[in-house]
Amino acid sequence: MQSQSRQSPFIPAVLLALLSAVFYILSKKVLIAGNGGAATWFADAVAIAFLYRHRYRHWPLLIAAFLSAIIAAGVGVGFGILLATLYALACLSAVLPAALLLCWFCPREDYFDGLWPWARFTLLSAVLPPIGSAAVGAAVADASGRGNFSEVFAPWYIADAVGILVLLPIALQYRWGTLHSLFRGADSGRFLLVGALAISSILLILSLAPHPFVFASLPLIWAASRLKLLHTLAVIFVAILLMSTHFAGVDRAAQGDGFALFLAVFASAIPAYVMAVSANIERHRNARIVEIESDLSYRASHDDLTGLPNREAFKRELLQAIGSAWESGERHALVHIDLDGFKLINDSAGHLAGDALLQKISRQLGGLLDGTDRVARLGGDEFGLLFFRSTKEQARGRCEELLRGITALRFPWRGRVYGVGASAGITEINRHNSRLEDLLSQADVACYSAKRAGRGSVMLYEIARSAAAEQHREIIMASTIREALDRRRLALSVQPIVRAAGVGSVDHYEILVRMLNDRGELLMPAAFIPAAERYGLMLQVDHWVVDEILLRRADQVAGAGFSFSLNISAEALGDSEFQRHLIEMLEHTPIPMERIGFEITETAMVNQMGRASEFVASLRRMGCKVALDDFGNGLSSFSYLKAFAIDFIKIDGSFVREMESNPVDPIIVESINQVAHRLGARTIAEYVESASVAALLRSIGVDFVQGYHIGPPISLERLLYGGTRLENSRRMELG
C-alpha cells in the first residue's frame, strides 16, 4: 500500500519516468494493431503500481514524472506537443482512478488470496479505470482526425485493460529493488526451466499454426500448474509480448483484422491466468492451514507467557529420559522449582509485574542450562528441570547455583526493586524409579518439603527415609482418602464404654471411623487421620460420619436403642456451615437426643474457644452429651474449663496405659478426676488394657473405662444386626 513506502520520492519518480517512456515506445512502435493503435498498453500499469506504493504527498511528483515521460515519448514517436499532452491526460484518467480505488478498497494487498479479492482487484484496476482513459483517448482521436470515437474506443479500452491486468500484478508484487528475486531462491531454477519450455513451445506453435491461440494456451496452462503465481504471471507477460510482437509483423490481410488478432492473443492466456490465480488461492489456503496447525502445535506444547515448553511437552521429555534409564541404565535428575515470595510481588505490584518477572526468570534459567538440559514452566510460579545423565547429588550442586542466581536477581518495576527466592526438590530417574506420575509427585513433594524446611533450600527425595518421602506418603494417603470418600469406602466401628464400678455393663459406645483401601483392607485411624487433618479432609470425613449415623442409618440406630458418641474434629468445630448442618441433622433424626454424645479434643476446644463454647452450649441445650477428649495431652491447664460446661472428660490414654509402671501417671489421673468431679463432669479413662489397670482406676474413682480389656472395636453392622453386645450386660443410660 502507498503508506508503506518511506523512501525519497525522487528516485522512484525518475524510475517511473524511464519505465513509462520505455513501455510507451514499446507499445507504440512494436505492438501495433490493425488500426495503427497500440494493441497492448503497459505504461499505465507501471504508473498505477508506483502511485499505489507511495504516500499521497508524493503523488504530485510521481504524476508529474509520468506525464512528462508520456508527453516526451509521444513527441518522440511523432505526435505534436498538444496531441501528446492530450494522450498523456487520457492515460492519467485511467491511472489516477485505479490507484485511488486500490488504495481505498485493497489496503491489505490480498488481491490473490481469494476469489473475491481477485475479482475486486481486477474490477478496480483493469475493468473500470480504462473506461475513462478510452473515452478521453477516443475523443482526442476523433477531434484530431485520427479515427472516429466508436472505432477507437474499444481497441483503446482492450489495450489498456490487457496491459494493466498483465503487468500490474508483477509490478505490485516485485517492488522497487526486488525484481532480482525472480532469479533467486530455490524456485528460480524451476521458473527458468518451465518458463523456457513454455515460451519455446509457443514460438514453435506460432511458426506452425496459422491460428495458434488454442494451442498456445496449453503451454501456459502447463506452466501455471507448476509455478508460483508471480513466476506464472511473468511467463504470461513474456508470452503475450512475444505473440503480440509476432502478430504485429504478419500480413493482417491474410490473418484478418488486427484488433481481433490481438484480442485472441490475450484470450489464449486467460485459462493460464485463471489457473495461476486458483492455484495461488489453494496454495495460500494450504499455507494458512499449515501455519495454523504449526501455531496450534506450538501453543499446545509451549507456555504462552514465557515461551518455555509446558507441562505436557515436559512430560514427553521425561518419558524419553525414562526410556533411556531402562535401556542403558543411565540416571537422570528431575527438579521441581517453586519461587518464594512471588505471590507478594504479584499482589503488591500487580499481575503485569508478576508476568514480567516470570519471563525474566525463564530467560535466566534457560541461559544457565546446558544444551542437553530441559526446562519447562509447569504452571504458576513452578518450573521443571531435567538434567540428563546426572545423579541427584550432582543435580543438587547445580540447583543450589541456580537458586543463588534467582535470589541475586533484582527486578525493577515502576520505581521499586523486587527480589524473589526459590526452593527446589530433586528426585532421581533410574531403572528402579521410573514411573512418570511417581517421579513428578516425588519432585513436587521434595520441593514442598524444601519450602517447609526453610525457603531457598534444596531437598532430595530419598525413598523410604527422607522427610520428603514421608510427606509423599501422606499425600498419597490423602489421595486415597479422597477416593474413599468419593467411592464410599469408609466404615464405622463401635467400642464399648462401661462403668468402672461395674465392668461388664455397657453404658454407651464410641463411634469410630475406619477406611478401606483399594484392595478392601481395613485401615486404622492412625494410618489415615493425620493425613486427613494435614490436607483438610477431616471436615468431609466428619460430614460423612454425621450423615451416616443421624440420617442414613438413623432408623436402625434408633431401633437398636444404644447410646453413642461421635468425634468432631478441630476443622469441623471451626466450620460454621458444618455446625449448622449438624444442628439440622439433630433436629430431624429419629434418635433421641439423650442417647447422642459428641467428643471434642482438648486442643480443638481451646483453639476454637469462641465458636466452641457457643456450639457446645447449643448441643447440650438440645439434650446431647459432650465429652472433652484426650484431656491432658493438650495445654495441660485446667483454667479454660471454667468457660465450658462439659458432661465428660476423657483422660488421655498416655497417662492410663503405663499407670502400673510409672508412679507419676496415677497422680495425674487422680488430679484430673478430682477436678472433673468438682466441675460437675464425669471421667472416662481410655486405653484400659488389663484388669489391674481397671481396678486401679476404680480405686481412684474414675467413672467410666474404655479399652481392649473392656472390649475391642467391632463393626457397626455387628452391633446392629448381630446382637454382639457384651454377654448378659444391661445397657445403662447416660443420664
Side-chain angles (χ1 to χ4, degrees), residues 287-328 330-339 342 346 351 354-392 394-396 398-399 401-403 405-406 409 420 422-431 433-448 450-451 458-459 461 472 475 479:
R288 182 59 180 159
I289 291 173
V290 171
E291 180 184 350
I292 291 174
E293 289 178 347
S294 176
D295 182 65
L296 290 176
S297 176
Y298 180 85
R299 288 178 179 272
S301 60
H302 287 77
D303 174 58
D304 288 338
L305 177 64
T306 63
L308 294 176
N310 59 17
R311 178 180 286 271
E312 293 305 314
F314 190 66
K315 284 183 178 180
R316 290 193 289 272
E317 295 284 354
L318 191 53
L319 286 173
Q320 292 183 9
I322 291 172
S324 71
W326 268 102
E327 293 171 4
S328 60
E330 292 179 330
R331 293 189 293 175
H332 316 289
L334 171 63
V335 183
H336 187 109
I337 292 181
D338 193 344
L339 300 184
F342 175 77
N346 218 28
H351 291 289
D355 291 347
L357 177 58
L358 287 175
Q359 291 171 335
K360 189 169 186 177
I361 291 176
S362 299
R363 289 192 296 269
Q364 179 168 0
L365 285 175
L368 293 175
L369 298 179
D370 295 338
T372 59
D373 300 332
R374 297 293 183 267
V375 59
R377 185 187 179 199
L378 304 181
D381 59 345
E382 299 175 358
F383 297 87
L385 302 178
L386 185 56
F387 296 146
F388 285 93
R389 289 173 291 280
S390 172
T391 65
K392 55 181 178 289
Q394 293 169 335
R396 181 205 288 270
R398 298 187 60 187
C399 284
E401 181 182 353
L402 287 174
L403 297 193
I406 293 175
L409 184 68
V420 293
S423 301
I426 304 173
T427 189
E428 187 173 282
I429 305 168
N430 52 52
R431 284 179 175 173
N433 189 32
S434 58
R435 288 189 59 197
L436 175 65
E437 296 304 325
D438 288 350
L439 290 167
L440 290 170
S441 180
Q442 290 168 11
D444 186 17
V445 170
C447 182
Y448 180 75
K451 295 178 80 72
V458 179
M459 179 74 71
Y461 187 93
H472 195 194
I475 290 176
S479 177

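Counting from 1, the numbers follow the sequence of the chain as shown.
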Phe314/Leu334 under side chain to side chain contact (heavy atoms under 4.5 Å, CB included): CA gap, chis, key distance, verdict: CA-CA 11 Å; Phe314 190 66; Leu334 171 63; 3.5 Å; yes
Any residue meeting side-chain contact (heavy atoms from CB on, under 4.5 Å) with Glu312, in chain and number order, not counting sequence neighbours: Asn310, Lys315, Arg316
Residues which pass ring pair (Phe, Tyr, Trp, His ring centres under 6.0 Å) with Phe342, listed by chain and number, not counting sequence neighbours: none
Any residue meeting ring pair (Phe, Tyr, Trp, His ring centres under 6.0 Å) with His336, in chain and number order, not counting sequence neighbours: none
Nearest-0.5 Å distance that lies between atom [atom1] in [X] and atom [atom2] in [Y]:
X      : Y      : atom1 : atom2 : value
Ile322 : Asn430 : CD1   : CG    : 10.5 Å
Phe388 : Glu330 : CZ    : CD    : 9.0 Å
Leu409 : Leu357 : CG    : CG    : 6.5 Å
Phe383 : Leu358 : CZ    : CG    : 5.0 Å
Thr427 : Asp438 : OG1   : CG    : 9.0 Å

Side chain to side chain contact (heavy atoms under 4.5 Å, CB included) between Phe387 and Gln394, intermediate numbers included: CA-CA 9 Å; Phe387 296 146; Gln394 293 169 335; over 6 Å; no
Give me the atom names and distance for the closest heavy-atom approach of [X] to [Y].
X      : Y      : result
Ala424 : Ala450 : O-CB, 3.5 Å
Gly405 : Gln364 : O-NE2, 3.1 Å
Arg377 : Leu308 : N-CB, 4.0 Å
Asp303 : Thr306 : OD2-OG1, 2.7 Å
Val458 : Cys399 : CG2-CB, 4.2 Å
Gly384 : Leu378 : N-CG, 3.6 Å

Passing candidate, side chain to side chain contact (heavy atoms under 4.5 Å, CB included) with Leu385, options Asp373, Val335, Ile426: Val335
Result of checking Arg331, His332, Arg396 against Thr391 for side chain to side chain contact (heavy atoms under 4.5 Å, CB included):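 When side chain to side chain contact (heavy atoms under 4.5 Å, CB included) is applied between Thr391 and each of Arg331, His332, Arg396, only Arg331 qualifies.
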Heavy-atom side-chain contact between Tyr448 and Asp338 under 4.5 Å: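 The answer is no, as the side chains (C-beta and beyond) never meet within the 4.5 Å cut-off.
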Leu365 vs Ile406, side chain to side chain contact (heavy atoms under 4.5 Å, CB included): CA-CA, chis, key distance, verdict: CA-CA 9 Å; Leu365 285 175; Ile406 293 175; 4.2 Å; yes
Main-chain N/O of Glu437 paired to Ser441 side chain as donor or acceptor, under 3.5 Å: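 Side chain of Ser441 to backbone of Glu437, a donor-acceptor pair under 3.5 Å: no, none is there.
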Under 3.5 Å: donor-acceptor pair, side chain of Arg374, backbone of Thr372: yes
Full working for side chain to side chain contact (heavy atoms under 4.5 Å, CB included) between Ile429 and Leu318: CA-CA 9 Å; Ile429 305 168; Leu318 191 53; 3.3 Å; yes
Within 6.0 angstrom of Arg431 CZ, more than 12 heavy atoms from elsewhere: yes
